[in-house]
Protein chains: 2
Amino acid sequence: MISPIALKKDYSSLMEKNRELFIGGSAGAILYWDMETKMPPRAVNLRSLQLAFLEKIFHRIQTDPEIGKLITQITNHPDYVTLNQHQKRNVQLSKKSYDENTKLPEELVVETAKQTALTINIWKKAKAAQDYAMYRPDLEKLFNLRVKVAEIFMDVKGTSTPYNALIDIHEPGVTAESISNLFTPMRNGLIKIIDKINNSSEPETGFLRRKIPIATQREISEAIAVEIGYDTQTENAGGRIDETEHPFTTGYYDDVRITTHYYENRFESSVFAVLHEGGHALYEQNLPADWIYHPIGLSSSSGIHESQSRMVENIIGRSPEFWNKLYPKLQSLVNGTLSDITIDQFIRGINMVTPSKIRIEADEVTYGLHIIIRFEIEQDLFNGKISFDELPQIWNQKYEEYLGVEIQDDSEGVMQDTHWAGGSYGYFPSYALGNIYSGMMLDKMTSDIHNWKDMLVSKGFNPVGVWLKENIHSHGNLYDPIDLMKEITGKDLTVKPFISYLEEKYSKLYGY
Amino acid sequence: MISPIALKKDYSSLMEKNRELFIGGSAGAILYWDMETKMPPRAVNLRSLQLAFLEKIFHRIQTDPEIGKLITQITNHPDYVTLNQHQKRNVQLSKKSYDENTKLPEELVVETAKQTALTINIWKKAKAAQDYAMYRPDLEKLFNLRVKVAEIFMDVKGTSTPYNALIDIHEPGVTAESISNLFTPMRNGLIKIIDKINNSSEPETGFLRRKIPIATQREISEAIAVEIGYDTQTENAGGRIDETEHPFTTGYYDDVRITTHYYENRFESSVFAVLHEGGHALYEQNLPADWIYHPIGLSSSSGIHESQSRMVENIIGRSPEFWNKLYPKLQSLVNGTLSDITIDQFIRGINMVTPSKIRIEADEVTYGLHIIIRFEIEQDLFNGKISFDELPQIWNQKYEEYLGVEIQDDSEGVMQDTHWAGGSYGYFPSYALGNIYSGMMLDKMTSDIHNWKDMLVSKGFNPVGVWLKENIHSHGNLYDPIDLMKEITGKDLTVKPFISYLEEKYSKLYGY
């Protein structure tokens, strides 16, 4: 059975297993989406049972010994070297995933799924009630389950610590040490810029608090979606926009959905949520059709994903060139409410930098500091240096020290994010890595299309969208993020382009 | 291994299997709901792959030989007789379902699934093209496959004919013979009433065509939902209302969703869709909590389900007492559009009886004749008395004879319904049985609460809702429908109460 035909057959069978897994996984994603957007509240327990059921079925397929057998037969086959780069990567990714999944006991998987649903539910209630104590026991239970997972993954992945094993889930090949090496110069660079901004005069932002009806904001969302090519309206639409407290993107290829949130007196909050999630959505929709349902046909990493959302939200979406066409449209949609605000005033307002308490509302300069705080706390939780009782206090201290803001209650403090409530540790660094990656991509795009800003004015988002599709999205998951950035830019990871981008932009905006 | 403990353990294991099946099935139902209500159009192929994936998983669990083993061990155990009525019924229902799922050859299942998809597709095209000939070959192929299924089910279920085996799927224990015994007097009763109505003057209905904005109609839906106790709004809501071309109800217990359709110039279409689907939804929501996820914790039959939707839609929902409180609310919601229409005019308008060609648009009097036509044709198809070539002609003759309407083309004739295109034979009778059951239930409710009409005026829907919950919904699937009706009313199936209800109501409304 070591004929070339056997290799071909085994490889096909392995890809068929992957296909089944991605289709099954995408079915589960609809249940999560429904839970967040549409589900009647009474269904919360039933939904946790449904998700646990699917999780169990899914885990059983993921750990089917047939997959292990196929991988062994393929990698041991004398002709294995004749597989092309794509095929080898598919096999390697299958093997990594299989090894991770087979090492987790089914009980642990089911218990984690149940505890995750419970903790997210409690988090919502506790956040509304500003009551961390109500949330702490479940938060800690879930953390302990994640530590168990991390310890098992550490062995499988061969990382040096459990925390690195969790980072590897979101950012394969990246470690806490390499993150520190990037975050230290990033922190210094950001603080310098913030200092200069603090010594300049503040832009006018009062117009951003003007009341815009939710129905109008929904029209604005659709106009933005049309501009960036995220189709929610036509007969061939593969997307839709719904409403959740925390905006998110879910889905793959033909069915990629985003959410946003609407506040009557903060219309820009939804504008940039739609641009941000739209950036994620375009990445998923533009993954190479030829590789659909194969491991290389997925996105690369959370950080690369975040680079796409930040590129669309900040680098493009907060630029005067992007708004050149869209601002008159916005002015007309809001029916005179912004008729006295020039595009220059609008651009300065939406790029106001100010230290704040809430990460998802942070500007692109101070944002990195929010992430550094979470990264440091996660490291200390995993090192056992801090307990969950101390968590709110330490959180508040760091916010005072790094950002100079005073946290009033835990809902605007440690309970602001869903990540830990969902058991997601090692994920936050990816957000700041996304900024770092996006800076490097911007450098490359500028060298490929010198006049991309002019084209943004004359042709709208499309040329940038095409560049992103061809240069970023088209790689799917062919490379781990460090290698992908090397492939795209020819360079090792560096924070410099991102800091330079900020320096140039904000010295101009703030005139320092 | 024949200790009483073994029996208890086997029984628990069997119930755990059932629990898994219901939870998994309810997860699949969310994907169907999403497909009909929210899914971006580009996802249609992905969704069919996701559903096929779940179907495969589900079939594997349903036919798990472990279930067969447990059932055999339980029923062969010397202490089986010591199980209580609920436990025995749970075992019997499990056995019936397992036998049905395991006796069908996989080839036949796959071929039927394929032919069903093909036939539905052709039906849509043929209906649009008014071309029965295009549809006939596939319709006949699918019918022949359903005959094969029916022949296998006849053995499994022990019914006297294949057609009875198909009826048994929807209405366990009911046969074509028992249906005929009910439909003959029903037909005579209905025709008498229709004759009298035809000799009376028609009510005014023009006001039902007045334009009501969709947004207002959505508020009307919510007002109706609140009135009947179908909660879609509070923190403990277990329901929601969405929009589809064909209204439906889906879900179980804590998550039961309905849909409706809105037409600007036919507001009553949505009003009665919400009442109809609301009746289905209340049944599912009120199933006994103690039996949740057990076979006896499900609804009884399609006909019993239909009795609940028709009771709420017609018997209650078209009564002057129900609208006593709600009509002023409706008048205020529509902002003057109905200010010249008295409640008497409104009630006469929404109860207009007129023979028509389309079943789903029929009033509660002529509706039964539409069903009788389909039932007689199904019997003759299964007896081989008529061929698929003759089908349209026979359909048209019967519509002329029974309803006095002339069918112009087969799209408004034999191709109007999706059921046969989907291979669903033996289902139609359940719709009319629902009317018959609802008449018997009304009799019993009237003897339990003599003044229920007064209470409807003074206290709203709630007393009726409580009666339905306690007297109908609380029985779950403890009995097959004939036994259930005996348990509820003390009587064998009879069409009399339904006909008497119609006679009393319409002689008053039409003043004959």
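Both backbone and side-chain heavy atoms feed into the values below; hydrogens, waters and symmetry mates do not.
- A salt bridge between A:Glu245 and A:Lys124 is absent, with no side-chain N of the basic residue lying under 4.0 Å from a carboxylate O of the acidic one.
- Within residues 19-39 of chain B, the residues that have a heavy atom under 4.5 Å from a heavy atom of chain A are B:Arg19, B:Glu20, B:Ile23, B:Gly24, B:Ser26, B:Ala27, B:Ile30, B:Leu31, B:Trp33, B:Asp34, B:Lys38, B:Met39, listed by number.
- Looking only at distances, no side-chain donor or acceptor of A:Ser270 sits under 3.5 Å from a matching main-chain atom of A:Thr260.
- Using a 4.0 Å cut-off between charged side-chain N and carboxylate O, A:Asp254 and B:Arg47 make no salt bridge.
- Counting heavy atoms from C-beta outward, B:Thr216 and B:Phe267 have side chains that stay 4.5 Å or more apart.
- At a 4.5 Å heavy-atom cutoff, the contact between A:Leu49 and chain B is made by backbone and side-chain atoms alike.
- Counted by atom type alone, B:Ser474 and B:Glu470 present zero donor-acceptor pairs between their side chains at under 3.5 Å.
- Between B:His305 and B:His280, the ring planes are tilted. Angles from 30° to 60° get that label.
- Atom CG of B:Leu282 is separated from atom CD1 of B:Ile228 by 4.5 Å, given to the nearest 0.5 angstrom.
- Only the side chain of A:Tyr293 comes within contact range of chain B, judged by heavy atoms closer than 4.5 Å.
- Without hydrogens or angle criteria, B:Thr259 side chain to B:Asp242 main chain gives no donor-acceptor distance under 3.5 Å.
- Along residues 283-292 of chain A, the residues that come nearer than 4.5 angstrom to chain B, judged on non-hydrogen atoms, are A:Gln285 in order of number.
- The shortest side-chain heavy-atom distance between A:Val110 and A:Lys114 falls under the 4.5 Å cut-off.
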Derivation of the side-chain contact (heavy atoms from CB on, under 4.5 Å) call for A:Glu264 and A:Ile214: CA-CA 6 Å; A:Glu264 271 200 337; A:Ile214 307 296; 3.8 Å; yes
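- Contacts between A:Leu51 and chain B at a heavy-atom distance below 4.5 Å are absent for every atom of the residue.
- Between A:Glu235 and B:Arg42 there is no salt bridge, since no side-chain N of the basic residue sits under 4.0 Å from a carboxylate O of the acidic one.
- For B:Thr234, the part sitting under 4.5 Å from any heavy atom of chain A is the backbone (N, CA, C, O) and nothing else.
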